[in-house]
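Single-structure report; data block below.
What you see below is based on every heavy atom in this structure, not just the backbone, and it leaves out hydrogens, waters and symmetry mates. Letters A, B, ... are given to chains in the order of the sequence lines, protein chains preceding strands, and every chain is numbered from 1. Keep in mind it's a predicted model, so treat the numbers as computed, not measured.
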Number of protein chains: 2
Amino acid sequence: MNNTINEVSKKLRAQEYKLTPQREKILRVMLENKDKHLSADEVYILVKEKSPDVGLATVYRTMELFLDNDIIHSVNFGDGCKRYEYGGEKDGHHHHHAICLECGDIIEIDEDLLEDLEAKVSQDKNFQITNHELKLFGYCKKCAD
Amino acid sequence: MNNTINEVSKKLRAQEYKLTPQREKILRVMLENKDKHLSADEVYILVKEKSPDVGLATVYRTMELFLDNDIIHSVNFGDGCKRYEYGGEKDGHHHHHAICLECGDIIEIDEDLLEDLEAKVSQDKNFQITNHELKLFGYCKKCAD
DNA sequence: CTTATTGCAAAAGTTTTGCACTATA
DNA sequence: TATAGTGCAAAACTTTTGCAATAAG
């Protein structure tokens, strides 16, 4: 993890940004919650637990900075706020989500499986695809009728 | 179009809801903008042009009603607000979107092409899929390098 | 008449911004 | 000591809600 933090620090410095103590704390929270989809407020609460003197505005500004520098990416599940996950867009196409309409559980789908579709769209529509986002809605094992 | 309005009216009455004049005006705006993705505020502005005495709260409440009754569906492009499009979820899996990162253009993709992927996910994860949402990001013909 | 629906204004929730203060190179 | 970064509070936006007035069966 410290290795990752160093890499991020380097990436930021390359763009003349600093990895300040606050930003590092926020980054640590993102790394410790790689599997979750945290809202800005949730990040804020988690950061506050260990460092009570970090402001919510700093969290928002840091998320924006991390997004711009491709350190995190955001997803929107339509629940009223943006959610963030460690890992940039340019790290390649990332995983999909299956969202249970009953219990709200989110299942990660690591396989890609969109190559054929993308090939067709790129050809038919003359659209150069750099990334994608797929959400499947339905019912998980527990909740299926 | 009047035909569609009658169908919606029937659908609502079946659930003991009325197609009030306000709701009909909102529905007309949705029908006149089938190809667009309107925010609540944009719908409000369009409705106001012809009927200045309709309130924004009514637009929000009507969108909720139309969503519940599968008359419209919503999409979220991460720009700070929900967007709505005529046509329900249950009308079958609907089209995908290719979003140009340069000019913001949204290209509709009518083909589905996700059957194989869904079959695999449903089997591997034991997840019963009822709908999906796919966004492709990249560069359109005009903007491609 | 009785109940659903509406408009308005207020409230709630998320995100952004202005500004004075602080840390840091 | 310049400049980037921060915390706080205020503002901006989207969405929801309470409530009295209205409309419609």
query: So does B:Glu42 pair up with B:Lys36, basic N to acidic O under 4.0 Å?
result: no
**Message:** Is A:Arg61 close enough to D:dG5 that one of its side-chain N or O atoms is under 4.0 Å from OP1 or OP2 there?
**Reply:** no
Salt bridge check, B:Lys34 against B:Glu85: does any charged N sit closer than 4.0 Å to a carboxylate O?
no
Rounded to whole Å, the CZ-P distance (A:Arg13 to C:dA25) equals 10 Å
Here the distance between atom P of C:dT5 and atom CD of B:Gln22, to the nearest Å, is 11 Å
Are there over 12 heavy-atom neighbours, none belonging to A:Tyr17, within less than 6.0 Å of that residue's OH? no
Taking the basic N atoms (NZ, or NE/NH1/NH2) and the acidic carboxylate oxygens, is any pair closer than 4.0 Å for B:Lys135 and B:Glu133?
yes
Do the side-chain N or O atoms of A:Thr20 get closer than 4.0 angstrom to the phosphate oxygens (OP1, OP2) of C:dT24? no
What residues 63-84 of chain B contributes to the DNA chain D interface at heavy-atom separation below 4.0 Å is B:Gly80, B:Cys81, B:Lys82
message: A quick test of your reading: do over 12 heavy atoms of other residues, nucleotides or ligands sit less than 6.0 Å from CG of A:Asp116?
response: no
Report task. Inspect the contact between B:Lys142 and B:Asp105 and indicate whether a charged nitrogen and a carboxylate oxygen are less than 4.0 angstrom apart. Result -> yes
A:Tyr17 OH to D:dA4 P, in whole Å, measures 10 Å
One should read off an interatomic distance between B:Phe66 CZ and B:Leu12 CG, to the nearest 0.5 angstrom, of 6.0 Å
Which part of the nucleic acid does B:Glu16 contact within heavy-atom distance under 4.0 Å: base, sugar-phosphate only, or nothing? nothing
Would you call B:Glu24 and B:Arg28 a salt bridge, using N to O less than 4.0 angstrom?
yes
The correct set of residues in residues 24-60 of chain B placing a heavy atom under 4.0 Å from DNA chain D is B:Leu56, B:Ala57, B:Tyr60
Atom CG of B:Leu19 and atom P of C:dA4 are separated, to the nearest Å, by 17 Å
note: B:Lys18, atom NZ; D:dG25, atom P; distance rounded to Å ~ 7 Å
How are the rings of B:His73 and B:His95 set relative to one another: parallel (under 30°), tilted (30 to 60°) or perpendicular (over 60°)?
perpendicular
